[in-house]
A.B. asks: 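Okay, handing you the structure first.
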Amino acid sequence: MKIKLHTQILIAVIAGIIAGYLLGPKAEHIKFLGDIFIRLLKMIIIPLIMASMVTGIVSIGSGKNLGRISLRTALYYFVTTVLAVTVGLILVNLIKPGVGFPALADQSAAADHIPPSTTSLLYDIIPSNFVAAMANDKVLSVIFFSLLLGFAITSVGEKGKSVAALFDAFNEIMLKITDWVMRLTPIGVFSLVAYTIGTTGIDAVKQLGLYMLTVIAGLLIHSCVTLPLLLSVFGKYSPIKFIEHMYSAVAMAFSTASSAATLPLTIGCLENEVGVSKKITSFVLPLGATINMDGTALYEAVAAMFIAQAYGIPMTLPHQILIVVTATLASVGAAAIPGAGLITLAIVLKAVGLPLEGIAMLLAVDRILDMLRTAVNVWGDSCGTVIIAKMEGENLTDKVEA
Ligand code: ASP
């Protein structure tokens, strides 16, 4: 009997947790399987983003349609991120996980966490050399160039048709490779989960338990209440049915802690199972994976407040509003790779004048929280894709049976 990929992934997550628990730090030895899997995923991200974005823009067609879709997408990203940060802030003010926590005086651990500056973020979008941008995994640059390319292909009319067809075929081919890589998901998931569980010491979890609990409670409220509500009201789609379809992508996000590495699967689930058109997925998802990170923004707000509480630094309302603004921006700037949120957290801390060395306190449990926030990030992108597809008048028909 053939076990479905969904079920295989679920088994892999559970087996990974058990193996990690039993093996402890020895789980390090099976990490290479997960690393190979992530390398394979990374290998396909850039060509896949390029092919799917160019095809997407060409199929959206006129600038007017694209303008409307972009506006809706941006609005969704912004509103959901701010909602997520607000939930995080309310919880951290109620639970106060940092009060009474022994603060660090060690500056050394913070030195590695230099946040990117605003200009360097801007430079990241506009590449001076497109090939170098591709080679260095500059996803935002690749998106920017692909958008231009898509526009240009549409605007040259007849002459652009052959290039459009080429990209369309290339896109199909990339999806085929993705499909092959996906079959290895259970092995990768097993190894990565076992490694994290095995190497995160139980002491760290005990010490930072209340902080973790606050982040997790916030992520749960956002993913189980806020987003499903938006999905039902604006997307007219049953959240239960939706998680059944999206389950593999969310589990993959959880185990890889990378929205970018999950992207091929997110696209696959939404197109092949939910039935969203390529036109929408190819625009909303690569962009969402890169800049829409509800889980990361929520986590950064809680982490910043936790540090403030641990150091006994009072955060007034204006400070907290500044946290909402900067955590939203920092989540946009965070790369869709493991641990990125921890680095852009420095932007938030700097903005409100909190000590950067506070980051060192959070390192021990960051990977587990990273896995959880990445799952929420991908879930947020997916809900948004359905909402925007519905607003664009798409009739979503379940494709699973087919
Ligand atoms: N790992 C997250 C992601 O890929 C970003 C983060 O570190 O919060 O979505």
Side-chain angles (χ1 to χ4, degrees), residues 34-35 37-39 41-42 44-46 48-49 77 80-81 84-85 87-88 112-116 121 124 137-140 143 188-189 192-193 195-196 200 211-212 214-216 218-219 222-223 227 246 249-267 284-304 306 323 326-349 359 362-385:
D35 288 343
F37 176 63
I38 293 205
R39 289 182 83 92
L41 285 167
K42 279 189 163 168
I44 53 182
I45 293 167
I46 295 288
L48 184 70
I49 289 184
Y77 290 167
T80 50
T81 306
V85 179
V87 167
D112 308 338
H113 300 283
I114 314 272
L121 282 178
D124 260 356
D137 287 335
K138 299 273 183 216
V139 175
L140 276 179
I143 291 179
V189 165
L192 293 168
V193 171
Y195 171 72
T196 309
T200 304
Y211 156 70
M212 290 177 77
T214 313
V215 177
I216 294 171
L219 293 177
H222 190 68
S223 54
L227 290 175
M246 294 311 300
V250 173
M252 168 84 120
F254 173 74
S255 45
T256 59
S258 167
S259 307
T262 311
L263 184 62
L265 194 57
T266 321
I267 295 180
V284 180
L285 286 173
L287 211 57
T290 320
I291 63 174
N292 180 44
M293 298 193 184
D294 300 352
T296 301
L298 186 152
Y299 146 85
E300 291 189 344
V302 174
F306 173 79
I323 290 186
T326 49
T328 304
L329 290 177
S331 73
V332 171
I337 54 170
L342 188 74
I343 296 168
T344 58
L345 171 61
I347 297 177
V348 184
L349 298 182
I359 291 178
L362 315 175
L363 284 176
V365 292
D366 191 64
R367 178 69 188 200
I368 292 189
L369 293 180
D370 193 6
M371 291 159 86
L372 293 166
R373 65 188 187 244
T374 309
V376 175
N377 291 347
V378 168
W379 177 234
D381 298 338
S382 310
C383 291
T385 310

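Counting convention: from 1, in listed order, for ligands and their atoms alike. Position 1 is the first residue of the sequence; numbering continues from there.
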A.B. asks: Identify all pairs of nitrogen or oxygen atoms, one from ligand 1 and one from the protein, separated by less than 3.5 Å, and list them with distances.
C.D. replies:
| unit_1 | atom_1 | unit_2 | atom_2 | d |
| --- | --- | --- | --- | --- |
| ligand 1 | 1 (N) | Ala257 | O | 2.9 |
| ligand 1 | 1 (N) | Ile337 | O | 3.0 |
| ligand 1 | 1 (N) | Asp370 | OD1 | 2.8 |
| ligand 1 | 1 (N) | Thr374 | OG1 | 3.1 |
| ligand 1 | 4 (O) | Ser259 | N | 2.8 |
| ligand 1 | 4 (O) | Ser259 | OG | 3.3 |
| ligand 1 | 4 (O) | Ala336 | O | 3.3 |
| ligand 1 | 4 (O) | Ile337 | N | 3.4 |
| ligand 1 | 7 (O) | Ala340 | N | 3.0 |
| ligand 1 | 7 (O) | Gly341 | N | 2.7 |
| ligand 1 | 7 (O) | Asp370 | OD1 | 3.2 |
| ligand 1 | 7 (O) | Arg373 | NH2 | 3.0 |
| ligand 1 | 8 (O) | Thr296 | OG1 | 2.6 |
| ligand 1 | 8 (O) | Arg373 | NE | 2.6 |
| ligand 1 | 9 (O) | Ser259 | OG | 2.4 |
| ligand 1 | 9 (O) | Asn377 | ND2 | 2.9 |

A.B. asks: Is there a side-chain contact between Tyr77 and Val284 in this structure, where contact means two heavy atoms from C-beta onward sitting under 4.5 Å apart?
C.D. replies: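 SC-SC contact between Tyr77 and Val284 confirmed.
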A.B. asks: For a quick check under 3.5 Å, do Asn377 and Tyr299 share a side-chain donor-acceptor pair by atom type?
C.D. replies: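 Note: Asn377 and Tyr299 side chains miss the donor-acceptor criterion.
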A.B. asks: Taking only residues two or more places apart in sequence, or in another chain, which ones meet Ser223 in a side-chain hydrogen bond (donor to acceptor under 3.5 Å, both in side chains)?
C.D. replies: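 Not a single residue meets the side-chain hydrogen bond (donor to acceptor under 3.5 Å, both in side chains) criterion with Ser223.
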A.B. asks: Mind checking side-chain hydrogen bond (donor to acceptor under 3.5 Å, both in side chains) for Ser259 and listing every partner two or more places apart, or none if nothing turns up?
C.D. replies: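 Expected list: none.
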A.B. asks: Are the side chains of Asp294 and Leu219 in touch, meaning some heavy atoms are under 4.5 Å apart?
C.D. replies: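 They are not in contact (no side-chain heavy atoms under 4.5 Å apart), so the answer is no.
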A.B. asks: Considering residues at least two apart in sequence or located in another chain, which fulfil the side chain to side chain contact (heavy atoms under 4.5 Å, CB included) criterion with Phe37?
C.D. replies: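 Leu41, Val181, Leu184, Thr185, Met252, Thr256.
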